[in-house]
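Let me begin by presenting the structure, written as structure tokens, before commenting on it.
Treat the numbers as computed from the prediction; the structure is a model and nothing was measured. For ligands, and for the atoms within them, numbers begin at 1 and follow the listed sequence.
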Amino acid sequence: MTLTPALGIDLTDLDLFTGGDIHAVFARLRRDSPVYWNESGDGGGFWALTRYDDVAAAYNDAARLSSRYGTVLGGSYRRQADSAGGQMLIASDSPRHRLMRRQVHRAFLPGLLERAGEVVRRYLAAALDQAHEAGRADFAEVALELPRGLLAAMFGLGRDEATHLLTLTRRMIGHRDPYYVPEDGSGLALVAAQVEIFDMMSALMAERRRRPGADLVSILVGARLNGRPMTDREILYNCLNVAVGGDETTPFTAAAAVETFMAHPAEFDRLLADPGLVDTALHEIFRWTSTNAYVQRTALTDLRIGGQQIAAGQAVTLWNVSANFDEDAFARPEVFDVGRTLNRHLAFGSGPHRCIGLNAAWLEIRIMLEELIARRLRFTPAGPSRRLRSNFMLGPTSLPVRVQAHG
Ligand code: HEM
């Protein structure tokens, strides 16, 4: 096996993502070692793809780079006997993946999304009005109204139940972050949260079998894969996948967007002056924040990427947050430009697993921009912010802001 010279960079070092300059680190990797072998202490490790072209090609090479063994480093399903691999969209390969995706996709069609948009707008508008009146807020908290509204509509839940689901998914994803972890330790917090989500989803399944509605659970209990009903496990795991995907992404993007506008106030002024820039601004926000920093694949066969020999069974990580700042793919990537055109970012991935919630995420952040523009709200920092301690999801868990309407 050809190994790249070790650069002493460890992409599992969470301090790098909470306090370090990750963009400088990725720029160095793209230049000196674009297909990087990241050693782990136990003699193992994983490959890290950091150039746009390599990341895009890997997303579209699903025949050789599998999702079945998990898409998160260390949090994969490979060590579990009772495996979720193959049961849920994100951790399955075709043909099973294609069949399940066709069913789950039915919950992301315009009808349900339109209803979700109304709930999201209602929840967010109330939180923004309250923040405006108080003159200050923690925008990381305000941003939670987005997934709360989306999942309330998508799972047919009331506000309190949606809040409970949100709390559980946050505990799952943030299980290595002291902010979310109760005293009982990280492993337990992860498992306990997952068990509770399954209990909640099982109760919903029973309810929707009795009285079907127009929500995701009703769609899946009525769905057929190759002529057979979806199994309870498939339904549960895919509900979990949508709940986590919905809860753990957009609030970080939303808070990071406000943080970015505070650092680049002239870009917010451009939006206020010309709301026609909302579409390009949305793309730029998704590129700039790159909330889902990477995804993992497992090589099913020996293969070469960028001159490096990758062995069957090895883990390969695809770094969106690096690809989205690749100088060869974007003009002046280090500039935040709400009017940027030719913005083919990879924030939502690419290929067969491309984010199924893309339109929902787009809708949520669009609603946020529209509501901020309508109120002409300007934010300034009101204290130190705090980032999620993760190399997988990037964004603030706390963002104290002062809130004023623009003159
Ligand atoms: C800023 C917001 C979001 C970002 C950056 C994001 C990012 C991504 C990425 C990069 C993938 C590809 C994973 C892979 O290739 O392994 C993905 C897949 C997925 N996302 Fe999102 N996502 C966002 C919002 C959402 C929302 C709102 C939902 C649901 C309501 C969602 C649900 C999913 C699901 C279920 C998958 C798996 C799709 C599949 O494997 O076929 N995501 N997302």
Side-chain angles (χ1 to χ4, degrees), residues 49 55-56 58-62 65-73 75-76 84-94 96-108 112-113 116-117 120 143 146-155 162 165-166 169 173 215-216 220 237-257 282-283 285-298 316-321 323-324 345-368 392-395:
L49 310 185
V55 172
Y59 269 121
N60 287 281
D61 193 359
L65 290 168
S66 169
S67 293
R68 202 171 186 284
Y69 304 93
T71 55
V72 184
L73 278 168
S76 77
Q87 309 282 325
M88 72 205 280
L89 280 186
I90 204 145
S92 62
D93 295 332
S94 279
R96 186 91 169 268
H97 171 258
R98 200 178 315 118
L99 289 173
M100 288 195 295
R101 184 158 166 127
R102 206 175 292 151
Q103 298 306 325
V104 177
H105 181 67
R106 289 163 56 209
F108 291 92
L112 188 45
L113 278 190
V120 168
L146 301 173
R148 202 191 321 266
L150 183 84
L151 293 189
M154 197 147 254
F155 286 90
L165 183 55
L166 192 60
T169 55
I173 278 287
D215 55 289
L216 171 69
L220 296 187
Y237 273 118
N238 281 296
C239 286
L240 176 71
N241 197 170
V242 170
V244 171
D247 279 354
E248 294 315 314
T249 47
T250 48
F252 290 123
T253 311
L282 281 165
H283 277 300
I285 286 169
F286 288 122
R287 180 187 76 88
W288 189 263
T289 54
S290 292
T291 306
N292 186 177
Y294 75 89
V295 302
Q296 177 187 251
R297 296 291 189 260
T298 302
V316 180
T317 50
L318 288 53
W319 289 85
N320 302 324
V321 64
N324 284 344
H345 63 81
L346 293 172
F348 294 104
S350 177
H353 288 274
R354 186 163 191 234
C355 180
I356 200 168
L358 189 160
N359 288 338
W362 184 267
L363 178 78
E364 288 175 57
I365 306 298
R366 170 182 275 282
I367 288 173
M368 180 184 88
F392 182 62
M393 285 295 157
L394 308 181

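Contact between Y294 and F392 at its shortest, heavy atoms only, is O-CE1, 3.2 Å. Considering every non-hydrogen atom in both L112 and A107, the closest pair reads CD2-O, 3.3 Å. The two residues S67 and H353 come nearest to each other via the heavy atoms OG-NE2, 3.3 Å. When all heavy atoms are compared, the tightest approach of N241 to I90 is OD1-N, 3.0 Å. Contact between N320 and N292 at its shortest, heavy atoms only, is ND2-O, 2.9 Å.
At least one heavy atom of R297 lies less than 4.0 angstrom from ligand 1. Heavy-atom distances between F252 and ligand 1 stay at or above 4.0 Å for every pair. Proximity of S67 to ligand 1 is not established, as no heavy-atom distance is less than 4.0 Å.
Which parts of ligand 1 touch H97 is read off a 4.0 Å heavy-atom cut-off, strictly below it: atoms 39 (C), 40 (O), 41 (O). Which parts of ligand 1 touch L150 is read off a 4.0 Å heavy-atom cut-off, strictly below it: atoms 30 (C). Atoms of ligand 1 found under 4.0 Å from any heavy atom of Y59, numbered from 1 in the order shown, are 15 (O). Interface atoms of ligand 1 facing T253, defined by a heavy-atom separation under 4.0 Å, are 1 (C). The ligand atoms of ligand 1 that sit less than 4.0 angstrom from a heavy atom of V295 are 13 (C), 14 (C), 16 (O). Listed by number with element, the atoms of ligand 1 under 4.0 Å from a non-hydrogen atom of T71 are 16 (O). Using a 4.0 Å cut-off to heavy atoms of F108, the atoms of ligand 1 that qualify are 29 (C), 30 (C). Atoms of ligand 1 lying under 4.0 Å from at least one heavy atom of T250, given by number and element, are 2 (C).
Distances under 2.8 Å from atom 21 (Fe) of ligand 1 pick out the protein N/O/S atoms C355 SG.
Distances between N or O atoms of R101 and those of ligand 1 include at least one value under 3.5 Å.
With no hydrogens or angles considered, no side-chain donor-acceptor pair links T249 and T291 at under 3.5 Å.
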